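None of the values given here were measured: they were computed from a predicted structure.
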Amino acid sequence: MIIFGTKGYLYQLAILTLVCSGCGNPAAHTLRKRVTKFTLFFVPLFPISTKYATQCTFCGTEVKIGKEQAEQLQAQGAGAPAPYGQGQGQGYGQQPQQPYQS
Ligand SMILES: [Zn+2]
């Protein structure tokens with residue numbers, strides 16, 4: 001007798017601040033990866049499918065996204081430097097704040 005089935009794994013890859021398509025708030029979203037693995041005798045052997053989604057922590061809206069988009073978001077969430085354009089400090093919105101005086 002052979003026992004086989006599938007088993008799902010859920011990974012939380014990052015937490016990102018995105019504008020939600022459900023509630024319209026710039027809320028924290030979890031970036032998740034769901035992997036379904038084929039199991040044989042309860043031993044997971046290989047993944048059958050991998051799916052990515054973001055979920056709004058404010059309203060719970062889940063949006064499925066593609067792998068490439070997920071990787072981009074994960075890179076953002078990890079604070080990693082952008083893959084294109086190396087080096088920092090090229091007008092990245094971090095101007096010194098000077099109070100206006102008139
Ligand atoms: Zn939302």
Side-chain angles (χ1 to χ4, degrees):
M1 179 177 173
I2 296 173
I3 301 170
F4 63 91
T6 60
K7 190 170 182 359
Y9 295 84
L10 194 63
Y11 302 91
Q12 183 171 304
L13 302 177
I15 293 179
L16 306 149
T17 302
L18 302 169
V19 175
C20 176
S21 59
C23 63
N25 284 303
H29 286 63
T30 53
L31 174 63
R32 290 173 174 174
K33 178 165 95 169
R34 187 189 294 274
V35 181
T36 305
K37 285 187 177 175
F38 177 82
T39 62
L40 188 63
F41 295 105
F42 308 108
V43 177
L45 291 182
F46 53 86
I48 303 170
S49 78
T50 304
K51 287 173 182 164
Y52 296 87
T54 60
Q55 186 174 31
C56 176
T57 57
F58 193 78
C59 69
T61 296
E62 193 177 78
V63 178
K64 290 183 174 61
I65 57 173
K67 181 170 184 279
E68 276 117 53
Q69 197 180 354
E71 285 171 352
Q72 274 186 9
L73 289 171
Q74 189 180 7
Q76 284 177 24
Y84 18 74
Q86 296 182 353
Q88 300 178 346
Q90 267 260 332
Y92 214 68
Q94 291 281 349
Q95 297 191 349
Q97 291 190 349
Q98 291 178 350
Y100 279 110
Q101 290 178 354
S102 59

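The two residues Thr6 and Thr39 have their closest heavy-atom pair at N-OG1, 3.7 Å.
Counted within 6.0 Å of CZ on Phe46, heavy atoms from surrounding residues, nucleotides or ligands total more than 12; the atom is thus considered enclosed. Atom NZ of Lys51 has 12 or fewer heavy atoms from other residues, nucleotides or ligands within 6.0 Å.
Residues Ile65 and Phe58 do not share a hydrophobic cluster, defined by chaining ILVMFWY side chains whose heavy atoms lie under 4.5 Å apart.
A 4.5 Å side-chain heavy-atom check between Phe38 and Phe4 finds at least one atom pair inside the cut-off. Looking only at side-chain heavy atoms (C-beta outward), Gln72 and Glu68 stay at 4.5 Å or farther from each other. Looking only at side-chain heavy atoms (C-beta outward), Thr54 and Leu73 come within less than 4.5 Å of each other. No side-chain heavy atom of Tyr52 sits under 4.5 Å from any side-chain heavy atom of Gln69.
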Scan the side chains in residues 8-34 for donor-acceptor partners under 3.5 Å anywhere in the protein, sequence neighbours excluded, and list what turns up.
unit_1, atom_1, unit_2, atom_2, d
His29, ND1, Ala27, O, 2.8
Arg32, NH1, Gln55, OE1, 2.8
Arg32, NH2, Gln55, OE1, 3.1

